[in-house]
Protein chains: 2
Amino acid sequence: MAELKYEIIETVGVLSESPKGWTKELNLVSWNGRDPKYDLRDWAPNKEKMGKGITLTEEELKSLKSILTNF
Amino acid sequence: MAELKYEIIETVGVLSESPKGWTKELNLVSWNGRDPKYDLRDWAPNKEKMGKGITLTEEELKSLKSILTNF
């Protein structure tokens, strides 16, 4: 994979932490200097590695909030 | 990638649809016959292809709901 630069602008929240210290987090992340997007992803301790994740727009997060209302 | 069997047990909700018809969905999915997990992922029309995604436990979804309360 090509080098990927990222900057975590804001940690919105931490969903869970695994026994090995990986955390599943919702962050506002700027990838390669682009406009920040919301990002739901697993991270190793101290952000040394990143796991699988998905980016979300603000609109998608609002939809998700609405979907989860009755959850 | 090895063949991956999946069964969508329940579509919890659709977050968005792209101009090409890809949808970002929250589903309850059983992968390779295992216990179902919640899954947030992009899908091509008619589920012909799947994009990037992340699986979530019920606990993680509840945390996410709580995180999004003030969003």
Side-chain angles (χ1 to χ4, degrees), chain A residues 1-32 34-71, chain B residues 1-32 34-71:
Chain A
M1 190 163 64
E3 190 184 0
L4 191 62
K5 288 185 192 169
Y6 69 90
E7 182 186 359
I8 296 178
I9 310 290
E10 182 198 342
T11 295
V12 185
V14 177
L15 281 67
S16 64
E17 183 170 343
S18 80
K20 289 189 177 176
W22 282 68
T23 47
K24 188 165 284 179
E25 303 185 9
L26 178 64
N27 295 304
L28 186 61
V29 180
S30 168
W31 300 97
N32 292 320
R34 291 195 293 263
D35 285 345
K37 287 186 176 186
Y38 290 97
D39 182 271
L40 189 59
R41 185 175 305 276
D42 291 308
W43 294 90
N46 304 315
K47 303 282 187 298
E48 283 176 4
K49 293 182 195 172
M50 62 178 73
K52 287 188 307 181
I54 191 170
T55 59
L56 299 151
T57 65
E58 187 169 344
E59 281 306 305
E60 288 169 340
L61 262 194
K62 286 179 181 170
S63 296
L64 184 57
K65 178 181 177 177
S66 164
I67 287 166
L68 292 178
T69 301
N70 297 313
F71 186 78
Chain B
M1 188 163 68
E3 190 185 2
L4 191 63
K5 288 185 194 171
Y6 68 90
E7 182 186 359
I8 296 178
I9 309 291
E10 182 197 342
T11 295
V12 184
V14 177
L15 281 66
S16 65
E17 183 170 343
S18 79
K20 290 190 175 177
W22 282 68
T23 47
K24 189 165 283 178
E25 303 185 9
L26 178 64
N27 295 304
L28 185 61
V29 179
S30 167
W31 299 98
N32 291 322
R34 290 195 294 263
D35 286 346
K37 287 187 176 184
Y38 290 97
D39 182 271
L40 190 58
R41 184 175 306 275
D42 291 307
W43 294 90
N46 303 315
K47 302 281 186 299
E48 282 176 3
K49 292 182 195 171
M50 62 178 73
K52 289 188 306 180
I54 190 170
T55 59
L56 298 151
T57 65
E58 187 169 345
E59 280 306 305
E60 287 169 341
L61 262 194
K62 285 180 181 170
S63 295
L64 184 57
K65 177 183 178 177
S66 165
I67 287 166
L68 293 178
T69 301
N70 297 314
F71 187 79

Open item on the list: Working to the nearest 0.5 angstrom, can you tell me the gap between B/Lys65 NZ and A/Thr69 OG1?
Closed with: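 Result: 6.5 Å between the selected atoms.
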
- [ ] Nearest 0.5 Å please: distance from the CG atom of A/Leu68 over to the CG atom of B/Leu61.
- [x]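 Output value for this atom pair is 5.5 Å.
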
Task: Side chain B/Lys52, main chain A/Gly53, donor-acceptor under 3.5 Å - done: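 Flag not set: sc B/Lys52 to bb A/Gly53 has no pair under 3.5 Å.
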
Task: Donor-acceptor contact below 3.5 Å, side chain A/Lys24 vs main chain B/Thr55 - done: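 Flag set: sc A/Lys24 to bb B/Thr55 pair under 3.5 Å.
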
TODO: Name the region of A/Leu26, side chain, backbone, both or neither, that has any atom closer than 4.5 Å to a heavy atom of chain B.
DONE: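 A/Leu26 touches chain B through side-chain heavy atoms alone.
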
Task: Segment of B/Ser66 engaging chain A (4.5 angstrom heavy-atom cut-off) - done: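 Answer is neither: B/Ser66 stays 4.5 Å or more from chain A.
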
- [ ] Below 4.5 Å from any heavy atom of chain A, which atoms of B/Leu40 appear? Answer side chain, backbone, both or neither.
- [x]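 For B/Leu40, heavy atoms of backbone and side chain both lie under 4.5 Å from chain A.
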
TODO: Give the member of B/Val12, B/Asp42, B/Ile67 that has the highest number of heavy-atom pairs under 4.5 Å with chain A.
DONE: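 So the answer, after comparing B/Val12, B/Asp42, B/Ile67, is B/Ile67.
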
